[in-house]
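Heads up: the structure comes next, in structure tokens.
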Amino acid sequence: MRIGQYEFKNRIFLAPMAGVTDQPFRRLCSQLGAGLTFSEMMSTNPDVWHTEKSKLRLAHHREIGINAVQIAGADPIEMAEAAKVNVSYGAEIIDINMGCPAKKVNKKMAGSALLREPDLVADILNTVVNAVDVPVTLKIRTGWDLENRNCVEIAQIAEQAGIQALTLHGRTRSCLFNGEAEYESIKAVKNAVSIPIIANGDITSAEKAKFVLDYTGADAVMIGRGAYGRPWIFKEVNDFLENGYYAILPTEEKCRFMLRHIQDLHQFYGEEKGYRIARKHVGWYIENLAPNSTFKRAFNALESTKAQLNALESFVEDLLD
Ligand SMILES: Cc1cc2nc3c(=O)[nH]c(=O)nc-3n(C[C@H](O)[C@H](O)[C@H](O)COP(=O)(O)O)c2cc1C
């Protein structure tokens with residue numbers, strides 16, 4: 001799988017997820033086999049770039065591999081400027097978000113709202129591609145709603161503009177996250193253009209990843225929520241695609257990855273913010289390792305990184321006993 005000059009070790013990617021795919025999570029997923037990971041989306045509004053939140057979103061670690069940074073906006077010139085600034089900060093791929101369904105984002109015509117404006121899409125893509133030397137990729141949904149599924153048209157616009165890979169989430173904007181992702185549209189897009197296609201939506205197991213790759217003919221798959229609390233899904237998918245089977249990682253190893261992840265989060269965000277950010281990840285890990293609502297409630301009441309680590313270490317000890 002290639003995007004521009006970059007060749008990836010496999011074709012299983014981590015989705016950009018605001019509030020989730022920060023530096024520690026991207027790094028862990030890369031170590032466990034994700035071929036490419038994307039940053040949380042960055043606003044193209046320069047007024048917010050200096051904020052602590054933006055600075056943390058921009059942070060990269062060499063162990064993550066190729067640094068793909070996602071930008072969201074609606075103004076072609078502003079987006080091109082944001083792409084240039086991100087490249088100067090070290091972005092090696094610029095990904096453009098035209099899939100976000102959030103009202104706050106769509107009100108400004110950004111994210112999936114752009115799918116209703118193919119001319120503006122063309123303008124944005126051409127302007128950004130011409131502004132930077134790195135590959136520019138695009139992430140979309142299948143359309144605004146079921147009556148207006150225009151992903152093939154958008155894919156053709158993207159190809160003409162010089163977009164080097166297209167991620168397609170198999171839902172329309174109006175579907176939000178409801179129902180099931182459909183892969184027929186992804187297959188249609190794959191057949192309509194010759195740029196690499198990354199299939200996305202509801203891939204939660206190695207078997208599903210293989211099914212989606214086979215069914216759509218996509219060049220890669222992208223996993224989002226399926227990696228919540230189980231970053232080792234990337235290893236499972238890789239093993240399955242390579243060997244036709246995969247081993248379940250021993251609980252002890254899973255716990256080791258969880259503890260390392262939580263320590264990384266604490267370090268990355270610091271004492272004040274670290275324990276808050278860790279809560280949702282721990283909730284997902286517990287859900288996967290051994291669902292325990294009493295422990296989760298008690299854990300969420302803890303207000304320091306040290307107390308969290310102590311609680312998790314005891315939880316792991318009990319689990320492995
Ligand atoms: C919490 C959350 C945050 C997300 N943030 C982004 C984002 O910043 N940019 C983006 O393009 N998509 C974002 N998405 C969409 C995902 O990248 C992905 O397209 C979607 O979750 C479907 O894939 P999945 O079924 O594997 O989760 C987000 C999804 C979730 C659940």
Side-chain angles (χ1 to χ4, degrees), residues 11-23 25-26 29 34 36-45 48 53-54 56-58 68-74 79 82 86 91 93-106 108 110-115 121 124 136-143 151 154 158 163 165-173 175-183 185-186 189 197-209 211-213 216 218 220-231 233-234 236-237 277 279-281 283-284:
R11 42 200 200 128
I12 310 130
F13 298 167
L14 172 67
M17 289 187 285
V20 181
T21 54
D22 51 17
Q23 193 213 74
F25 193 59
R26 289 174 72 191
C29 290
L36 176 64
T37 69
F38 290 81
S39 76
E40 305 168 80
M41 76 182 157
M42 298 287 303
S43 167
T44 52
N45 176 359
V48 302
K53 190 168 162 188
S54 291
L56 288 174
R57 284 190 175 190
L58 280 170
V69 174
Q70 189 186 65
I71 58 173
M79 291 186 77
N86 276 293
I93 291 176
I94 293 290
D95 188 53
I96 298 179
N97 179 332
M98 293 193 188
C100 181
K103 282 207 177 107
K104 195 172 92 181
V105 174
N106 290 174
K108 294 182 192 148
S112 58
L114 286 164
L115 299 177
V121 169
I124 289 172
V136 181
T137 58
L138 174 67
K139 183 164 179 286
I140 61 172
R141 286 180 173 239
T142 54
C151 49
I154 299 287
I163 289 296
L166 175 74
T167 303
L168 183 53
H169 175 189
R171 285 187 175 86
T172 67
R173 190 272 172 194
C175 295
L176 301 172
F177 285 90
N178 301 325
E180 284 179 21
E182 52 92 10
Y183 305 116
S185 299
I186 301 181
V189 165
I197 298 299
I198 303 161
N200 169 240
D202 297 354
I203 298 171
T204 51
S205 68
E207 292 82 353
K208 184 85 179 270
F211 165 78
V212 173
L213 282 167
T216 60
V221 284
M222 176 183 273
I223 299 177
R225 293 164 297 166
Y228 280 1
R230 48 188 200 124
I233 190 173
F234 295 99
E236 293 176 358
V237 179
I277 305 274
R279 282 179 184 154
K280 65 178 165 238
H281 289 278
W284 292 326

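Just so you know, these numbers use all the heavy atoms, side chains as well, and skip hydrogens, waters and symmetry mates. Order of appearance sets the numbers: ligands from 1, and atoms from 1 within every ligand. This structure is a prediction, so every number in the text was calculated from the model and none was measured.
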(request) Evaluate the ring planes of Trp284 and Tyr228, with Trp represented by its six-membered ring, and classify them as parallel (under 30°), tilted (30 to 60°) or perpendicular (over 60°). (result)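 Plane angle under 30°, so parallel.
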
List every atom of ligand 1 that sits less than 4.0 Å from any heavy atom of [X], numbering the atoms from 1 in the order shown and giving each element.
X	value
Tyr228	1 (C), 31 (C)
Ala15	17 (O)
Asn97	9 (N), 10 (C), 11 (O)
Lys139	10 (C), 11 (O), 12 (N), 15 (C), 16 (C), 17 (O), 18 (C), 19 (O)
Met41	8 (O)
Asp202	24 (P), 25 (O), 26 (O)
Gln70	7 (C), 8 (O), 9 (N), 10 (C), 11 (O)

Polar contact flag for [X] and ligand 1 (N/O pairs, less than 3.5 Å):
X	result
Asn200	yes
Arg225	yes
Gly224	yes

(message) Quick check: do Ile154 and Leu138 have side-chain heavy atoms less than 4.5 Å from each other?
(response)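 A side-chain contact exists here, since the closest heavy-atom pair is under 4.5 Å.
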
Identify the protein heavy atom lying closest to [atom], giving its residue, its atom name and the separation to 0.1 Å.
atom	value
atom 5 (N) of ligand 1	Ala18 N, 2.8 Å
atom 14 (N) of ligand 1	Pro16 O, 3.4 Å
atom 20 (C) of ligand 1	Phe177 CE2, 3.6 Å

Rounded distance (nearest 0.5 Å) linking atom [atom1] of [X] with atom [atom2] of [Y]:
X	Y	atom1	atom2	result
Ser39	Leu56	OG	CG	12.5 Å
Asn97	Thr137	CG	OG1	10.5 Å
Arg57	Asp22	CZ	CG	9.5 Å
Leu168	Ile140	CG	CD1	5.0 Å
Asp95	Ile163	CG	CD1	8.5 Å

(request) For Ser185 and Thr142, work out which heavy atoms get closest and say how close. (result)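 Ser185 and Thr142 have their closest heavy atoms at CB-CG2, 3.7 Å.
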
(request) Check each heavy atom of Met17 against ligand 1 and say whether those closer than 4.0 Å belong to the side chain, the backbone, both or neither. (result)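 It is both parts that get close, each with some atom under 4.0 Å.
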
(message) As a test of understanding, state which of Val212, Ile12, Leu36, Thr167 forms a side-chain contact (heavy atoms from CB on, under 4.5 Å) with Met222.
(response)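 Of all the options given, the one that passes is Thr167.
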
(request) Answer yes or no: does atom NZ of Lys280 have more than 12 heavy-atom neighbours from other residues, nucleotides or ligands under 6.0 Å? (result)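 Yes, enclosed.
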
(request) Run the contact test for Gly201 against ligand 1 with a 4.0 Å cut-off on heavy atoms, strictly below, and give the result. (result)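 For ligand 1, residue contact (heavy atoms, under 4.0 Å) with Gly201 is present.
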
